[in-house]
Amino acid sequence: MSAIDLHARASKDYAAKLAETTALLVKAAADYAPGEITQASSLGAEDVVISHILNSHQLDIGIFVLETGALHKETLALLEQFKATSRAPVTVYTPVNASVVQFVARDGKDAMYKSIELRKACCGIRKMEPLGRALDGKKAWITGLRREQSGARADVPLVDTLEPRTKLNPLANWTLGDVWHYIAENGVAYNPLHDAFFPSIGCEPCTRAISLGEDFRSGRWWWEANLEGGAAKECGLHVKTEKATA
């Protein structure tokens with residue numbers, strides 16, 4: 001059974017949600033110059049929906065992808081297809097090779113399994129540092145965060161101004177069924193790992209399929225349940241850091 005067969009169920013107010021999302025993105029394209037705003041895409045289901053809306057409405061908002069050097073082959077294949085077909089420019093950011101080489105030489109290629117600190121260090125090199133370059137000079141960015149994804153994301157707003165730069169979460173109100181309904185209705189290309197019960201797809205060593213009834217994020221860093229009582233299922237990209245107050 002495909003992810004579409006399993007999940008594509010539009011909520012009763014889907015049309016209103018789609019209109020809200022589209023209006024938000026159209027306004028963002030008008031409010032910011034092309035170089036001031038960007039979409040962060042992991043090529044997951046939510047992100048391909050947003051990119052499709054950007055392209056369908058010919059909005060001048062660029063898209064970036066973090067190619068960590070540890071992605072699944074399916075993700076890399078989708079990335080090449082996406083780069084070839086996207087109207088919006090797609091920029092790929094990779095980690096500093098010397099940093100990766102030094103980390104692996106010092107701590108091993110499986111260092112992420114040894115401790116939460118080493119896993120976060122790996123995320124820092126492969127994701128956080130490239131993210132910093134991707135967002136350098138940007139006033140706003142767009143993500144695929146949804147409130148339904150996890151408890152840590154339950155309060156995600158459509159527009160978050162508490163960050164150093166504005167973060168737009170145009171699918172914040174969408175259900176998983178809404179996401180897959182849009183993909184099915186519009187024939188959007190998606191990662192085939194979703195058909196193999198990977199709802200959340202990151203680096204290959206840190207992502208597994210989930211079983212029926214498991215939490216959406218349980219396939220990410222699953223081994224950490226045995227490390228110091230576990231940790232929040234985030235790599236740091238979406239950990240909130242409120243603006244300093246006077």
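Worth knowing before you read on, the calculation uses all heavy atoms, side chains too, and leaves out hydrogens, waters and symmetry mates.
With a 4.5 Å cut-off on side-chain heavy atoms, Phe82 and Val48 do not count as touching. Residues Trp141 and Glu163 have side chains not in contact (no heavy-atom distance under 4.5 Å, counting atoms from C-beta outward). For the pair Pro157/Asn169, a side-chain contact is recorded, criterion being any heavy-atom separation below 4.5 Å from C-beta on. Looking only at side-chain heavy atoms (C-beta outward), Tyr14 and Thr175 stay at 4.5 Å or farther from each other. The side-chain heavy atoms of Ile183 and His7, taken from C-beta on, include no pair separated by under 4.5 Å. Here the side chains of Val188 and Val49 are not in contact, with every heavy-atom distance at 4.5 Å or above.
Summarising the geometry, atom OG belonging to Ser42 is positioned 13.0 Å from atom CD belonging to Glu67; distances are rounded to the nearest 0.5 Å. Interatomic distance, OG of Ser41 versus CD1 of Ile63, reported as 6.5 Å (0.5 Å rounding). Within the model, atoms SG of Cys122 and NZ of Lys114 stand 11.5 Å from one another, a figure rounded to the nearest 0.5 Å. Atom OG1 of Thr68 and atom CG of Leu131 lie 13.0 Å apart (nearest 0.5 Å). Taken from CD in Glu20 to CG in Asp13, the straight-line distance is 9.0 Å, to the nearest 0.5 Å. Between Trp222 atom CH2 and Ile210 atom CD1 the span is 13.0 Å, to the nearest 0.5 Å.
With sequence neighbours left out, the salt bridge (Lys or Arg N to Asp or Glu O under 4.0 Å) criterion links Glu36 to Lys139. Residues passing the side chain to side chain contact (heavy atoms under 4.5 Å, CB included) test with Glu74 are His72, Asn191, Pro192, Leu193, sequence neighbours excluded. Checked against salt bridge (Lys or Arg N to Asp or Glu O under 4.0 Å), Glu129 has the following partners two or more places apart in sequence or in another chain: Arg133. With sequence neighbours excluded, the residues satisfying side chain to side chain contact (heavy atoms under 4.5 Å, CB included) with Lys138 are Thr38, Arg165. Thr166 meets the side chain to side chain contact (heavy atoms under 4.5 Å, CB included) test with Tyr32, Ala140, Val159, Thr161, Leu168; sequence neighbours excluded. Partners of His52 by side-chain hydrogen bond (donor to acceptor under 3.5 Å, both in side chains), not counting sequence neighbours, listed by chain and number: Ser56, Tyr182. For Asp178, the salt bridge (Lys or Arg N to Asp or Glu O under 4.0 Å) partners are Lys17, not counting sequence neighbours. For Ser2, the side chain to side chain contact (heavy atoms under 4.5 Å, CB included) test picks out Ile4, Asp5, Tyr190, Asp195, with sequence neighbours left out.
Here the closest non-hydrogen pair linking Lys127 and Arg220 is NZ-NH2, 3.7 Å. Scanning all heavy atoms of the two residues, the minimum distance from Arg147 to Val156 falls at NE-O, 2.5 Å. Thr85 and Gln81 get closest at one heavy-atom pair: OG1-O, 2.9 Å. Pro205 and Trp223 make their closest contact through O-CZ3, 3.8 Å (heavy atoms, listed as atom of the first residue, atom of the second, distance). When all heavy atoms of Gly144 and Ile50 are compared, the closest pair comes out as CA-CD1, 3.8 Å. The two residues Leu78 and Leu43 have their closest heavy-atom pair at CD2-O, 3.7 Å.
Using a distance-only test at 3.5 Å, with no hydrogens or angles considered, a donor-acceptor pair links the side chain of Thr207 to the main chain of Gly202. Thr21 contributes a side-chain N or O that, together with a main-chain N or O of Pro170, makes up a donor-acceptor pair within less than 3.5 Å. For Glu148 (side chain) and Leu176 (main-chain N/O), a donor-acceptor pair under 3.5 Å exists by modelled atom type.
The pair Lys120-Glu117 fails the salt-bridge criterion, with no side-chain N (NZ, NE, NH1 or NH2) lying under 4.0 Å from an Asp/Glu carboxylate O.
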Side-chain donor-acceptor pairs under 3.5 Å in residues 22-29, sequence neighbours left out?
unit_1: Thr22; atom_1: OG1; unit_2: Leu18; atom_2: O; d: 2.9
unit_1: Lys27; atom_1: NZ; unit_2: Asp31; atom_2: OD2; d: 2.5

Donor-acceptor pairs under 3.5 angstrom involving side-chain atoms of residues 87-109: please list them, not counting sequence neighbours.
unit_1: Arg87; atom_1: NH2; unit_2: Asp60; atom_2: OD1; d: 3.4

Kindly indicate, with the supporting measurements, whether the criterion side-chain contact (heavy atoms from CB on, under 4.5 Å) is fulfilled by Trp221 and Ile116. CA-CA 9 Å; Trp221 311 296; Ile116 293 174; over 6 Å; no
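Note: the hydrophobic cluster containing Leu171 also contains Leu158 (ILVMFWY, side chain heavy atoms under 4.5 Å, direct or indirect links).
Pairs of residues two or more places apart, or lying in two chains, that qualify as salt bridge (charged side-chain N to carboxylate O under 4.0 Å, His left out) and include a residue from residues 202-212 are Arg208-Glu214. The list of salt bridge (charged side-chain N to carboxylate O under 4.0 Å, His left out) pairs with a residue in residues 41-53, not counting sequence neighbours, reads Glu46-Arg146.
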